[in-house]
Amino acid sequence: VTANLIESDHLLQLSVRFGAREAHFSTNRLDDDALRATVAAAERTARLKPENPELLPPLEPPQNYPPVEAYFEETAAFGPAERARAARQSVEICARRNLVGAGYLPRVNAYRAFGNSKGVFAFYRYTGVNFVLTVRTPDGRGSGYARDNGIRRASELNVAELTERACAKAELSRRPQPLEPGEYAVIMEPVAAARYLSLLLGALDARAADEGRSFFSEKERGKNRLGQKLLGENITLRSDPRNPTLLADPIGSEGLPVEATTWIESGVL
């Protein structure tokens with residue numbers, strides 16, 4: 001183990017408003033005196049701010065949040081000793097194949113809460129473990145990569161399988177061959193496809209589309225491509241925080257509940 005990445009912290013993010021004036025402050029000191037000082041500073045700043053004509057009223061009444069149980073004791077107890085044993089397993093596989101591997105095996109044990117003065121309150125507790133590995137051939141000519149993010153249960157982590165995958169890719173890439181220009185069918189593994197998908201997810205924003213700032217915008221300002229067929233019929237994109245693989249945060253922007261959503265249906269936005 002060559003890096004100490006242990007972090008233990010709390011962060012309070014506070015928004016205070018007077019009419020259409022609003023200020024945001026944050027602190028990681030949660031004692032009473034620090035909280036009073038943070039509120040007072042936010043109030044002083046909010047009164048000095050110009051009015052925001054686009055400021056929406058605070059969320060109310062209390063909301064119904066999808067029940068998401070994402071905390072698992074086995075993952076919370078997956079400490080340095082357990083992770084070191086898993087890392088050793090990966091290192092030994094690389095050494096047996098005469099390859100060099102390096103990576104990370106972090107664990108997360110955290111929570112998120114949201115509340116406002118209108119009686120809205122939400123709480124989400126979660127655990128997770130990730131594995132990221134890069135494998136190289138000793139001559140530096142071959143390189144392989146594998147990762148698994150957001151594993152909720154530590155028992156579902158398969159270090160050996162991921163390491164073998166990275167090793168195989170490193171060995172296959174050792175002797176690259178020239179490829180003539182042309183059209184080729186490309187099959188991407190999930191990690192590669194997810195990188196493309198992340199670019200798409202960041203653009204699923206109605207305001208950005210209406211204001212002409214995304215590839216879902218129409219040429220005429222104020223219009224988007226909602227309802228248009230943009231992708232193949234084999235493409236459907238849905239999100240659901242209760243999906244057992246995800247068990248994602250059900251607390252959305254400004255405290256709104258995150259519900260199951262279909263973003264693209266058979267290629268139609």
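All values reported here derive from a predicted model rather than from experimental measurement.
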(message) Working note: Leu197 + Leu237, criterion side chain to side chain contact (heavy atoms under 4.5 Å, CB included); need CA distance, chi angles, decisive distance, verdict.
(response) CA-CA 10 Å; Leu197 187 62; Leu237 179 63; 4.1 Å; yes

(message) Between Thr262 and Ile264 (side chain of the first, backbone of the second, donor and acceptor by atom type, cut-off under 3.5 Å), is there such a pair?
(response) no

(request) State whether the side chain of Thr261 and the backbone N or O of Trp263 hold a donor-acceptor pair below 3.5 Å, judged by distance alone. (result) no

(request) Side-chain contact test, heavy atoms from C-beta onward, threshold under 4.5 Å: evaluate it for Leu201 versus Leu204 and give yes or no. (result) yes

(request) Could you check if a side-chain atom of Asp148 sits within less than 4.5 angstrom of a side-chain atom of Asn130, using non-hydrogen atoms only? (result) no

(message) Whether Glu171 and Arg174 form a salt bridge (side-chain N of Lys/Arg under 4.0 Å from carboxylate O of Asp/Glu) is what I want to check.
(response) no

(request) Please say whether more than 12 non-hydrogen atoms of neighbouring residues, nucleotides or ligands are located less than 6.0 Å from CG in Asn64. (result) no

(request) Flag the pair Val120 / Phe114 as yes when at least one side-chain heavy-atom distance between them is below 4.5 Å, and no otherwise. (result) yes

(message) Hydrophobic clusters here meaning ILVMFWY residues chained together by side-chain heavy-atom distances under 4.5 Å, can you tell me if Phe78 and Leu247 are in one?
(response) no

(request) Locate the shortest heavy-atom distance separating Gly119 from Pro62; write the atom from each residue and the value. (result) O-CG, 3.4 Å

(message) For Leu11, I'd like to know if atom CG has over 12 heavy atoms of other residues, nucleotides or ligands within 6.0 Å.
(response) yes

(message) Show every side chain to side chain donor-acceptor pair (under 3.5 Å) that has at least one partner inside residues 187-202, sequence neighbours left out.
(response) Lys169-Glu189

(message) List the residues meeting side chain to side chain contact (heavy atoms under 4.5 Å, CB included) with Arg221, not counting sequence neighbours, and say none if there are none.
(response) Glu211

(request) Work out which heavy atom in Ala203 is nearest to a heavy atom in Ser214; give both atom names and the distance. (result) O-OG, 4.2 Å

(request) Answer yes or no for Arg125 and Tyr71: cation-pi contact, defined as NZ/CZ to six-membered ring centre under 6.0 Å and angle to ring axis within 45°. (result) yes

(message) When you measure from the side chain of Lys49 to the backbone of Ala23, do you find a donor-acceptor pair of N or O atoms at a distance under 3.5 Å?
(response) no

With a cut-off of 3.5 Å and sequence neighbours excluded, list every side-chain donor-acceptor pair involving residues 35-46.
residue, atom, partner, partner atom, Å
Arg36, NH1, Asp33, OD1, 3.4
Thr38, OG1, Ala34, O, 2.8
Thr45, OG1, Ala41, O, 2.9

(message) Quick check on the hydrophobic clustering: are Leu231 and Leu269 connected, directly or via other members, by side-chain heavy-atom contacts under 4.5 Å?
(response) yes

(request) Taking all heavy atoms of His24 and all of Ser15, pick out the closest pair and write down the distance. (result) ND1-OG, 2.7 Å

(request) Quick one: do Glu82 and Arg107 satisfy side chain to side chain contact (heavy atoms under 4.5 Å, CB included)? Show the steps, please. (result) CA-CA 11 Å; Glu82 290 79 11; Arg107 184 217 58 189; over 6 Å; no

(request) Specify the closest pair of heavy atoms between Val159 and Ala86, including all atoms of both residues, with the distance to one decimal. (result) CG1-O, 3.4 Å

(message) Under a 3.5 Å distance rule, please check whether Ser26 uses its side chain to pair with a backbone N or O of Gln13 as donor and acceptor.
(response) no

(message) Hydrophobic clustering (ILVMFWY, side-chain heavy atoms < 4.5 Å, transitive) - are Leu226 and Leu230 grouped together?
(response) yes

(message) So Asp240 and Leu246, do their side chains get closer than 4.5 Å, heavy atoms only?
(response) no

(request) Working to the nearest 0.5 Å, report the span between CG of Leu200 and CD1 of Ile235. (result) 9.5 Å

(message) If you compare all heavy atoms of Ala248 against all heavy atoms of Val68, which two are closest, and at what distance to 0.1 Å?
(response) O-CG1, 3.5 Å

(request) Quick one: do Glu156 and Arg152 satisfy salt bridge (Lys or Arg N to Asp or Glu O under 4.0 Å)? Show the steps, please. (result) CA-CA 8 Å; Glu156 295 175 356; Arg152 294 301 182 200; over 6 Å; no

(message) With heavy-atom distances below 4.5 Å as the criterion, would you say the side chains of Arg97 and Glu164 are in contact?
(response) yes

(request) Could you tell me whether Asp205 and Arg207 make a salt bridge, using a distance below 4.0 angstrom between a side-chain N and a carboxylate O? (result) no

(message) Tell me whether the count of non-hydrogen atoms from other residues, nucleotides or ligands lying under 6.0 Å of NZ in Lys229 goes above 12.
(response) yes

(request) Look at the side chain of Thr127 and the backbone N and O of Phe72, then say whether any donor-acceptor pair between them is shorter than 3.5 Å. (result) yes

(request) Side-chain contact test, heavy atoms from C-beta onward, threshold under 4.5 Å: evaluate it for Pro241 versus Tyr124 and give yes or no. (result) no

(message) Strictly distance-based, threshold 3.5 Å: is any side-chain N or O of Gln177 a donor or acceptor partner for the main-chain N or O of Arg175?
(response) yes

(request) Show your reasoning for whether side chain to side chain contact (heavy atoms under 4.5 Å, CB included) applies to Leu133 and Tyr145. (result) CA-CA 6 Å; Leu133 176 68; Tyr145 180 76; over 6 Å; no

(request) Examine distances only and state if a side-chain atom of Thr236 and a backbone atom of Glu265 form a donor-acceptor pair shorter than 3.5 Å. (result) no

What side-chain donor-acceptor pairs closer than 3.5 Å can you find for residues 249-258, not counting sequence neighbours?
residue, atom, partner, partner atom, Å
Asp249, OD1, Ile251, N, 2.8
Asp249, OD2, Arg112, NH1, 2.8

(request) For Thr137 and Gly142, indicate whether the former's side chain and the latter's backbone hold a donor-acceptor pair under 3.5 Å. (result) yes

(message) Taking Ala154's backbone N and O only, do any of them form a donor-acceptor pair with Thr75's side chain (distance below 3.5 Å, no angle check)?
(response) yes

(request) State the SG-CZ distance between Cys167 and Arg136, to the nearest 0.5 angstrom. (result) 13.0 Å

(message) Does Gln228, at its CD atom, have more than 12 non-hydrogen atoms belonging to other residues, nucleotides or ligands within less than 6.0 Å?
(response) yes

(message) Working to the nearest 0.5 angstrom, can you tell me the gap between Glu233 CD and Ser266 OG?
(response) 6.5 Å

(request) State, without any angle test, whether Glu74 and Ser155 hold a side-chain donor-acceptor pair at a distance under 3.5 Å. (result) yes

(message) Do Leu172 and Val135 sit in one hydrophobic cluster, given that two such residues count as connected whenever their side-chain heavy atoms are within less than 4.5 Å of each other, even indirectly?
(response) no

(message) If you count heavy atoms of other groups shown closer than 6.0 angstrom to CZ of Arg88, is the number above 12?
(response) no

(request) Run the numbers on Arg242 and Glu259 for side chain to side chain contact (heavy atoms under 4.5 Å, CB included), then give the verdict. (result) CA-CA 9 Å; Arg242 289 168 293 190; Glu259 300 289 352; 4.2 Å; yes

(message) I'd like to check Val129 versus Leu105 (side-chain heavy atoms, cut-off strictly below 4.5 Å). Are they in contact?
(response) yes

(request) Check side chain to side chain contact (heavy atoms under 4.5 Å, CB included) between Ala77 and all other residues, then give those that pass, not counting sequence neighbours. (result) none

(message) Test your reading of the model: is there a side-chain donor-acceptor pair from Asn28 to the backbone of Asp9, 3.5 Å cut-off?
(response) no

(message) Does any part of the side chain of Thr163, heavy atoms only, come nearer than 4.5 Å to the side chain of Cys94, both counted from C-beta?
(response) yes

(message) Regarding Glu22 and Arg17, does a basic nitrogen lie under 4.0 Å from an acidic carboxylate oxygen?
(response) yes

(message) Is there a path of hydrophobic side-chain contacts, each under 4.5 Å between heavy atoms, that joins Tyr126 and Phe131?
(response) no

(request) Sequence neighbours left out, what pairs pass ring-ring contact (aromatic ring centres under 6.0 Å, His included) with at least one residue falling in residues 79-113? (result) His10-Tyr111, Tyr111-Phe123

